[in-house]
*Asks:* 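Sending over a structure as structure tokens; questions will come in a sec.
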Amino acid sequence: MNKKFKIERSIYAMGTFIAVVGVLFLIARSDAVLKFRYFNEPPEQGVLQQEVKASQYVPSYLLLTGPDQPDLQYSLKNRLELMGKDVVVRPISSIKSEANLAGYASVVVATEQIDLIKETDLLLRFVKNGGSLFLAVRPSPGPALSALYQPLGLVETGYFVETSGIELEQPFFGENGGTFFESETIINSSLSVRLSGDAELFASSSSGIPLLWKASYGEGTFIIFNGTMFMTVADQALFVKGIQQASEHVIMPIVNARVTELSGFPFLVPDGRDLSPSYTNRDYYRTVVWPELQRIESKYDLNYTASYAAPEDAVPSEGEPSRVLEDLRLYGRELLRMGGEMAVQEPVFKTADQSARFYEASVQHIQEALPGYPVRSAVSSSLEANVDLMEDVSAMLAPNAYVKEMKETIVLPKTVEGFDLDDHTKWRLFNEVALSGFYAHSLFPYRFFEEGHAEEQMAAFSNFQQSIHNQIPWIRSLPLSEAGEAAYAYINSDLYEEHNGNTLTFYATTMKEKAQTYYYFSTNRTIAETENCEVKKIGKDLYLVAADQLTFSIVLGGLQ
């Protein structure tokens, strides 16, 4: 018997496998990978549209106003419209009968001066007969409040007090206990009150003053906000919560995206050994900071958007490339392989010519470091973002108040920054998620050299990502340009409704082809059936809806 081992084929197969892996590795480390479509222009997405019929409608809200709160009136009208609702504005003094209040999804009172209504009993009869009334600012003491305080769920009212902080008595998202935002900068002017046992409390101040609650009266509901913060558009999460309590169901569009920006990429590292005696600063970034940022990105699938601004001394390839461009090439390629994206920082200069020159230099550097890479995103630190400066930029991150479109550029709001977030910053982030389902988190790794404690701050960043994953795991991490695409329907589409018994059918007017649109849907009933959408419970009486068609339906079941 011939016992000679014949291993030639195995050797050849193994050698071929190693050679293929080696070639793929060389391609991945070369410019060729940057020319693939994944790193180039995205596939064109068509736009789907549909017309609505007379039987389909947008829920309408009545906003009652007085002469005392013009900013609040404007702010709440704007918020309801951002939620996709129609708004009718009337002075509270013009309400003469119950018929003036009928036919709306809810009535919102945006004035402290409830005594301006001619007959307080009108409000009582309206709610008792099945209406809902939302006092969106704490009322001034007077005859009307004295007549209403028991139906409002009060057993005692006192003086005005300044309150700070927010405690959610029940979570908006998830099911695990309340959430605290103990910040002295979260301020309300409130009435000192004590609630009856029948009132359902949603939020209090840090000192225990009730801020948001609802009280049943007859067949209807009073919702009361005992504060003054809603005039600020970034502080209206509790307003949305109140609106959700005012109707059997409420649906509102959201973006469902978050952006994590690395600002100052690829980090202007000074010479020396500021952060560690064992490494030069440049080596410290390469061996400690960047690997940790990569590890966190991979664990939480963050898809970083890295914003670059050309330094004045970084000269393109006339002669030897600068160290900045070498680092841009090295880190930029690794960023793209991680699924991230390069963006340009909009420079802030006194003249338009200076801004244009430095913007063009930044684009030139990126294209030199990453051949064939199209720049589709920009980041601005200015309230007056200049979209005219940037050709082919489809999405911009800027410190504006809410998601909007300027010409053909989707502008998304900056939300929070830093590795370790305080309670006030977390409150801002919570509001953005509750209001639009979007937030942006900007990181500045170059500040390690000013503040130190790099490893501690990155540990805080990792812990924050874990808390986000625990509380809102459904929110998508997207590069900036993709977040802009996700916001298209949020900005451009209207959502109409049609009811047939327990079946709710919704009609969006536009969406991107082969995309999904997202909504918050609140109801205290179960979901029995859906069509053309997926529904996921994300909080008490709150669902995330992902629709893949312009028309989709939800069938309601019994009470939860």
*Asks:* Is it the case that atom CD in Glu534 sees more than 12 heavy atoms from other parts of the structure closer than 6.0 Å?
*Replies:*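 Count not over threshold, so no.
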*Asks:* Of all the heavy-atom pairs spanning Met252 and Leu435, show the shortest one and how long it is.
*Replies:*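 Shortest heavy-atom contact: CE-O, 3.2 Å.
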*Asks:* Going through the checks in order, is the side chain to side chain contact (heavy atoms under 4.5 Å, CB included) test met by Ser436 and Tyr490?
*Replies:* CA-CA 9 Å; Ser436 67; Tyr490 174 82; 3.6 Å; yes
*Asks:* Between Gln50 and Tyr507, do the side chains contain an N or O donor and an N or O acceptor separated by less than 3.5 Å?
*Replies:*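 Tyr507 and Gln50 do not have a side-chain donor-acceptor pair below 3.5 Å.
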*Asks:* Under 30°, 30 to 60°, or over 60°: which ring-plane class applies to Tyr543 and Phe521, parallel, tilted or perpendicular?
*Replies:*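 The arrangement is tilted - the two ring planes meet at 30° to 60°.
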*Asks:* Under the 3.5 angstrom rule, does the side chain of Glu341 hit a backbone N or O of Leu480 as a donor-acceptor pair?
*Replies:*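 A pair under 3.5 Å: yes.
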*Asks:* Does one side chain, of Ser467 or Asn470, offer a donor that lies under 3.5 Å from an acceptor on the other?
*Replies:*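 No.
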*Asks:* For the residue pair Tyr518 / Gln516, report whether a side-chain donor-acceptor contact shorter than 3.5 Å exists.
*Replies:*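 Present: a donor and an acceptor within the cut-off.
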*Asks:* What's the separation between atom CD1 in Ile538 and atom CD1 in Ile472, rounded to the nearest 0.5 Å?
*Replies:*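 Those atoms lie 9.0 Å apart.
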*Asks:* Is a salt bridge present between Glu334 and Arg286, judged by a nitrogen-to-oxygen distance below 4.0 Å?
*Replies:*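 Here Glu334 pairs with Arg286 in a salt bridge, since their nearest N and O are under 4.0 Å apart.
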*Asks:* Going by distance alone, is a donor N or O of one side chain under 3.5 Å from an acceptor N or O of the other, for Ser442 and Glu417?
*Replies:*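 No, no side-chain donor-acceptor pair sits under 3.5 Å.
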*Asks:* Should the pair Lys77-Glu81 be classified as a salt bridge under the 4.0 Å nitrogen-to-oxygen rule?
*Replies:*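 Looking at Lys77 and Glu81, the cut-off is met.
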*Asks:* Compare all side-chain heavy atoms of Arg295 with those of Ser462 and state whether any distance is below 4.5 angstrom.
*Replies:*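 Of all side-chain heavy-atom pairs linking Ser462 with Arg295, at least one is under 4.5 Å.
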*Asks:* Which word best sums up how the rings of Phe464 and His441 line up, parallel for under 30°, tilted for 30 to 60°, or perpendicular for over 60°?
*Replies:*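 Geometry flag for His441 against Phe464: perpendicular rings.
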*Asks:* Do the side-chain N and O atoms of Tyr519 and Thr517 include a donor-acceptor pair separated by under 3.5 angstrom?
*Replies:*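 The answer is yes; a qualifying pair exists.
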*Asks:* Looking only at heavy atoms, what is the nearest atom pair of Leu443 and Thr260, with distance?
*Replies:*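 Looking at all heavy atoms of both residues, the shortest contact is CD1-CG2, 4.1 Å.
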*Asks:* Do Ser553 and Thr505 pair up side chain to side chain, a donor and an acceptor below 3.5 Å, judged on atom types alone?
*Replies:*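 Judged by distance alone, the side chains do pair up.
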*Asks:* Answer yes or no: is there a side-chain heavy-atom contact under 4.5 Å between Val58 and Leu495?
*Replies:*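 Not in contact.
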*Asks:* With distance as the sole criterion, is a donor-acceptor pair present between the side chains of Glu432 and Tyr402 under 3.5 Å?
*Replies:*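 Not at all, the side chains of Glu432 and Tyr402 share no donor-acceptor pair under 3.5 Å.
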*Asks:* So that I can tick it off, tell me whether Arg376 and Glu485 are bridged by a salt bridge, with the cut-off set at under 4.0 angstrom between side-chain N and carboxylate O.
*Replies:*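 Judged by the 4.0 Å cut-off on N to carboxylate O distance, Glu485 and Arg376 do not form a salt bridge.
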*Asks:* Students often mix this up, so state it plainly: with edges at 30° and 60°, are the rings of Phe430 and Phe181 parallel, tilted or perpendicular?
*Replies:*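 Judged by the thresholds at 30° and 60°, the geometry between Phe430 and Phe181 is tilted.
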*Asks:* Can any side-chain N or O of Arg476 pair as donor or acceptor with the backbone N or O of Val255 at less than 3.5 Å?
*Replies:*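 Confirmed, Arg476 side chain pairs with Val255 backbone.
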*Asks:* Hey, is Glu326 close enough to Arg329 for a salt bridge, meaning N to O under 4.0 Å?
*Replies:*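 A salt bridge is absent here (no side-chain N lies under 4.0 Å from a carboxylate O).
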*Asks:* Taking the side chain as C-beta and beyond, is there a heavy-atom pair between Val240 and Phe172 under 4.5 Å?
*Replies:*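 Not in contact.
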*Asks:* Run Lys414 and Val379 through side chain to side chain contact (heavy atoms under 4.5 Å, CB included) and show every step you take.
*Replies:* CA-CA 9 Å; Lys414 287 189 172 185; Val379 177; 3.6 Å; yes
*Asks:* Can you tell if the side chain of Glu368 reaches within under 4.5 Å of the side chain of Leu328, non-hydrogen atoms only?
*Replies:*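 SC-SC contact between Glu368 and Leu328 ruled out.
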*Asks:* For Tyr74, does the OH atom sit with more than 12 other heavy atoms under 6.0 Å from it, leaving out its own atoms?
*Replies:*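 It does not: Tyr74 OH has 12 such atoms or fewer within range.
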*Asks:* Parallel, tilted or perpendicular, judged at 30° and 60°: which one describes the rings of Phe448 and Phe419?
*Replies:*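 The arrangement is tilted - the two ring planes meet at 30° to 60°.
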*Asks:* Would you say Gln345 and Ser307 are linked by a side-chain donor-acceptor pair, where the criterion is simply a distance under 3.5 Å?
*Replies:*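 Ser307 vs Gln345: donor-acceptor pair found between side chains.
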*Asks:* For residues Leu76 and Leu63, report the shortest heavy-atom separation together with the two atoms involved.
*Replies:*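 So the two residues come closest at CB-CD1, 4.2 Å.
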*Asks:* With a cut-off of under 6.0 Å to the ring centre and 45° to the axis, is Lys512 in cation-pi contact with Tyr488?
*Replies:*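 Judged by the rule (NZ or CZ under 6.0 Å from the ring centre, within 45° of its axis), Lys512 counts as positioned above Tyr488.
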*Asks:* Using a 4.5 Å cut-off on heavy atoms from C-beta on, say whether the side chain of Met229 contacts that of Ile166.
*Replies:*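 Contact flag for Ile166/Met229 side chains = yes.
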*Asks:* Looking at Asn281 and Asp271, what are the two nearest heavy atoms and their distance?
*Replies:*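 Minimum heavy-atom contact is ND2-O, 3.3 Å.
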*Asks:* I want to check something: taking the side chain as every heavy atom from C-beta on, are Val108 and Val87 in contact at a cut-off of under 4.5 Å?
*Replies:*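 A side-chain contact under 4.5 Å is absent here.
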*Asks:* Measure across Val233 and Ser75 and return the closest heavy-atom pair with its distance rounded to 0.1 Å.
*Replies:*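 Minimum heavy-atom contact is CG1-OG, 3.7 Å.
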*Asks:* For Tyr279, look at atom OH and say whether over 12 heavy atoms of other residues, nucleotides or ligands are found less than 6.0 Å away.
*Replies:*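 Counting other residues, nucleotides and ligands, OH of Tyr279 stays at 12 neighbours or fewer.
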*Asks:* How about Ser382 and Glu346: does a side-chain donor come under 3.5 Å of a side-chain acceptor?
*Replies:*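 There is no such pair between these side chains.
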